[in-house]
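Chain letters run A, B, ... following the sequence lines, proteins first and then strands; every chain starts at 1.
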Protein chains: 2
Amino acid sequence: MTATTPTPAPEAEWLRLDRQICFSLHAASRAFNGVYRVILKDLGLTYPQYLVMLVLWEEGDLPVKKLGEHLRLDSGTLSPLLKRLEAAGLVSRERSARDERSVEVRLTEAGTALRERALEVPRRIVSATGFDVDEIRDLKARLDQLTGTLDAAALEEGSR
Amino acid sequence: MTATTPTPAPEAEWLRLDRQICFSLHAASRAFNGVYRVILKDLGLTYPQYLVMLVLWEEGDLPVKKLGEHLRLDSGTLSPLLKRLEAAGLVSRERSARDERSVEVRLTEAGTALRERALEVPRRIVSATGFDVDEIRDLKARLDQLTGTLDAAALEEGSR
DNA sequence: CACAACTAAGTTGTGCACAACTTAATGGCT
DNA sequence: AGCCATTAAGTTGTGCACAACTTAGTTGTG
């Protein structure tokens, strides 16, 4: 930042920028996680568990596969997570009768009831961000665009 | 989205919005991670390991404490990570002579040399985002603002 | 019908994040 | 000097993400 900084190699400048954007995204992601951790502690849920419950509350009972499509998570992540939700009495898991490969995840009564207590979470989160609804929608739009582009790029990079 | 949807309770609407922003941020974070994973595989680094190396390349040798301040990570995360970087021959760890509590993390020759190969990473990442430099700077600014607000909010929520 | 290709869940192993704790060294205070 | 609060690392345990693999059930094709 000083006037006497010798012009750095352009590549090194990129490295600096990369470091900055890396940090920002990583830090934002963890900061968000931290706020959710604090707020969700009352409900006895982790952040990813809360995401699963949100989908079930909105979509109703779903097979693990569909749940994974909504959340972009695979069974390697979901299986143990769902076991913990089951142990907590919030969901039940049953083999589908029609397709024995599939496992249906259902909300229990306690799981359904928890929604009432979860209703206050979003307000607290939005207030924690300090953003208004429009800003949040805008940020969401950018992030979605980013995610779409990144997913496509990962596929390309992966197939090199 | 149908015209016959009964007006949902406002609280439920918030829950929907929360679900959307949650997902977006979580997905963006993981998508970014995924692109880095692919690109960094060549260098034999994970994303957090890359972050550590970026700091060391820019700041030079540092004690674990300082490293953690730059990255907002504690020794619980850094200690095992640094052990792996040491095992990979990229850094060395030595107790400080002046303060025996402190451990100095130093780049080895291989660690310093790796920077050359890392120089191409940022270009590939930026290209993967599909954003131009100004958009990236803008996104970074928003994310930093968000992180700052969230960290402050987590403290408040935590002290309830 | 038989068999190969595919699909859904689950398992295993690695690495990260974080809370809670332990260990050891330091520095202030009486 | 002696003691105690503080500090730096490291350790332990829980949970998530993901790759690679296994198991079992389904479907398409000859």
Just the rounded figure in Å: distance from [atom2] of [N] to [atom1] of [X].
X	N	atom1	atom2	value
R30(B)	dA17(C)	CZ	P	15 Å
Y47(A)	dC18(C)	OH	P	13 Å
L51(B)	dA17(C)	CG	P	8 Å
Y36(A)	dG15(D)	OH	C1'	18 Å
E86(A)	dG10(C)	CD	P	9 Å
R98(A)	dA9(C)	CZ	P	13 Å
H26(B)	dA17(D)	NE2	C1'	8 Å
E94(A)	dA9(C)	CD	P	14 Å

On DNA chain C, more 5' by nearest nucleotide between E100(B) and R95(A) is R95(A)
Give a yes/no answer on whether the side chain of S102(B) brings an N or O atom under 4.0 Å of OP1 or OP2 in dT7(D).
-> no
Nucleotide opposite dG30(D) in a Watson-Crick or G-U pair, distances under 3.5 Å | dC1(C)
With a 3.5 Å cut-off and just heavy-atom distances, do the side chain of R101(B) and the base of dT7(D) make a donor-acceptor pair?
-> yes
Do any N or O atoms from the side chain of [X] and from the backbone of [Y] form a donor-acceptor pair under 3.5 angstrom?
X	Y	result
R72(B)	R30(A)	no
R106(B)	S92(B)	no
E135(B)	D132(B)	yes
T112(B)	L107(B)	no
T108(A)	G89(A)	yes

Touch check for D99(A), heavy atoms < 4.0 angstrom, all strands: base, sugar-phosphate only, or nothing?
-> sugar-phosphate
With sequence neighbours excluded, residues passing side chain to side chain contact (heavy atoms under 4.5 Å, CB included) with P122(A) = Y50(A), W14(B), L15(B), D18(B)
Within residues 62-83 of chain A, those residues having any heavy atom closer than 4.0 Å to DNA chain D are L73(A), G76(A), T77(A), L81(A)
Charged N to carboxylate O below 4.0 Å: is that the case for D99(A) and K65(A)?
-> no
